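Inspection log for the structure reproduced underneath, given as structure tokens.
Values in this document were obtained by computation on a predicted structure and should not be read as measured data. We name chains A, B, ... by the order of the sequence lines, and we start the count at 1 in each one.
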Protein chains: 2
Amino acid sequence: MSARTGNLDQQDFIRAGTQFVDEHGLQALTMRALGEKLGVDATACYRHFTSKDELLSAMVDAMLAAALDSIESPPASPRDGLIEHVRAVRRAFLKHPHLAATLVTSTGDLPSVRRLTLNGIELLRLMVLEGDELVRCYQMIESYTMGSCVFDMSGTPDNMEIRRLRYRSLGVKEFTDVARTMKGVSSMTEAAFEAGIDAIIDSFSPR
Amino acid sequence: MSARTGNLDQQDFIRAGTQFVDEHGLQALTMRALGEKLGVDATACYRHFTSKDELLSAMVDAMLAAALDSIESPPASPRDGLIEHVRAVRRAFLKHPHLAATLVTSTGDLPSVRRLTLNGIELLRLMVLEGDELVRCYQMIESYTMGSCVFDMSGTPDNMEIRRLRYRSLGVKEFTDVARTMKGVSSMTEAAFEAGIDAIIDSFSPR
DNA sequence: ACCTGAACACCGTTCAAGT
DNA sequence: ACCTGAACACCGTTCAAGT
């Protein structure tokens, strides 16, 4: 972090923590390493967060809040609105893949997730959903989106390399072809994600 | 673990580790605690596994291998075969929810996942899929299934309680109704998962 | 009000030594 | 061949003390 102008605040730790994780991975983020990066003692963070878990939650929250802000509104249609929300979350995790595992580990409910949920409900209402179906369709989209992101990104980049090696070891021509390059595997994964969200939305709101 | 009859083997550690995690959660599983449960020194595990990560991977592998063995074959149709595979994985994670986070953390490719993949490909081939579409549809199902399981189960039971509180805090009648009981939230989550896998399979193989 | 730095109670893991 | 137990190099976190 560049020029230290006196005391730090929560935002400084969130920014530095996110940048550190992007560069060195989640496992490398220790309070001591973060302190060193900020030119501060390892325990300085505890002035602003009660625990490491809370810092990590705040980092994820900031990431998703930025994703929300990147969504242009209003959407052309409720369907487009939903897909844009889902894609914004996906983009956020692609940008900060090492935070994927954190979503699963960290406890606490995040304001940004609340906003995402409320936006989602509003869009589903415009598709004339109500009652239990409204809740079920919302949760289906949330579990698909968050789940796929966590599963596809976590352990980056080892995770993708493992997937590629598995593809190659199957002895199935179609998979061997895709697995010739890392790019092949990752673009296939993104295409699968897109196809999945289309399938899910189609199931309750046919085009 | 009951009667110690001499030396332990890999299976003993896998069994004890899984049982311990089921009872006390993933965070409580330390090498020292596991050793104590088995009436053995904390470092005894290193005779059978090179690291804690490898033990955890073996635990997940054993869980998924058991899931595979629980599948009756042959299926009534390729579609039924796919759904049975997906449900078997879901059941495994419902039984051992604390292992969900491990799938995401652990590195290494598991024999059981390889078998699941090969079975899935065979079933998709019976649905006349080929080329890139075969790979994409397989990966769509894998990411959905594994991802949703990880997202829905991890952090159990705190995770579900947080979801319930979020439902209640939205001020949306439909969600408040579902969130009256934990059972309401969890059965809604399972219904959403079922609807999702139906939607995904329908998208490339209409009923 | 914020940071320091020593200290505490843990971790996973290594390795010489036991049997 | 398998286990022990001391030891190492770390963790997250607390708390009295500084400024």
Mapping A/Leu29 and B/Arg32 onto DNA chain D by nearest heavy atom, which one lands closer to the 5' end? B/Arg32
Write down the distance between CZ (B/Phe13) and P (C/dG12), rounded to a whole number of angstrom. 14 Å
When the distance from CG of A/Leu38 to C1' of C/dT4 is rounded to whole Å, what number comes out? 15 Å
Interatomic distance, A/Leu26 CG vs D/dC11 C1' [rounded to whole Å]: 14 Å
Pairing string, 5' to 3', for DNA chain C - Watson-Crick or wobble contacts under 3.5 Å, brackets [ ] where pairs cross, | to another strand: ||.|||||...|||||.||
Over how many whole Å does the gap from A/Lys52 atom NZ to D/dC11 atom P extend? 9 Å
Is any NZ, NE, NH1 or NH2 atom of the basic residue among B/Arg163 and B/Asp152 found under 4.0 Å from an Asp or Glu carboxylate oxygen of the other? yes
How does each nucleotide of nucleotides 14-19 of chain C score, in 5' to 3' order, for protein heavy atoms under 4.0 Å: base (B), sugar-phosphate only (S), or none (-)? B-----
Donor-acceptor contact present, side-chain B/Lys52 to main-chain B/Leu29, <3.5 Å: yes
Heavy atoms, side chains only, cut-off 4.5 Å: are A/Asn159 and A/Phe151 in contact? no
Results of salt bridge (charged side-chain N to carboxylate O under 4.0 Å, His left out) for A/Glu161 - residues two or more places apart only: A/Arg164
Sequence neighbours left out, what passes salt bridge (charged side-chain N to carboxylate O under 4.0 Å, His left out) with A/Glu190? Give chain and number order. A/Arg90
Which whole-number value in Å describes the distance from B/Gln27 CD to D/dT13 P? 10 Å
Could you check whether A/Asn119 and A/His85, counting side-chain N and O atoms only, form a donor-acceptor pair closer than 3.5 Å? yes
Rounded interatomic separation in angstrom, taking CG from B/Leu8 and C1' from D/dT4: 14 Å
Polar contact flag, side-chain donor to acceptor under 3.5 angstrom, B/Tyr144-A/Ser148: no
Quickly work out the B/Leu55 CG to C/dT13 P distance and round it to whole Å. 10 Å
Out of D/dT4, C/dT13, C/dC2, which has the shortest distance to the side chain of A/Asn7? C/dC2
Partners of A/Glu174 by salt bridge (charged side-chain N to carboxylate O under 4.0 Å, His left out), sequence neighbours excluded? B/Arg125
Nucleotide C/dC11, atom P - distance to CG of B/Leu34 in whole Å: 12 Å
Sequence neighbours excluded, the answer for side-chain hydrogen bond (donor to acceptor under 3.5 Å, both in side chains) partners of A/Asp202 is A/Arg79, A/Arg207
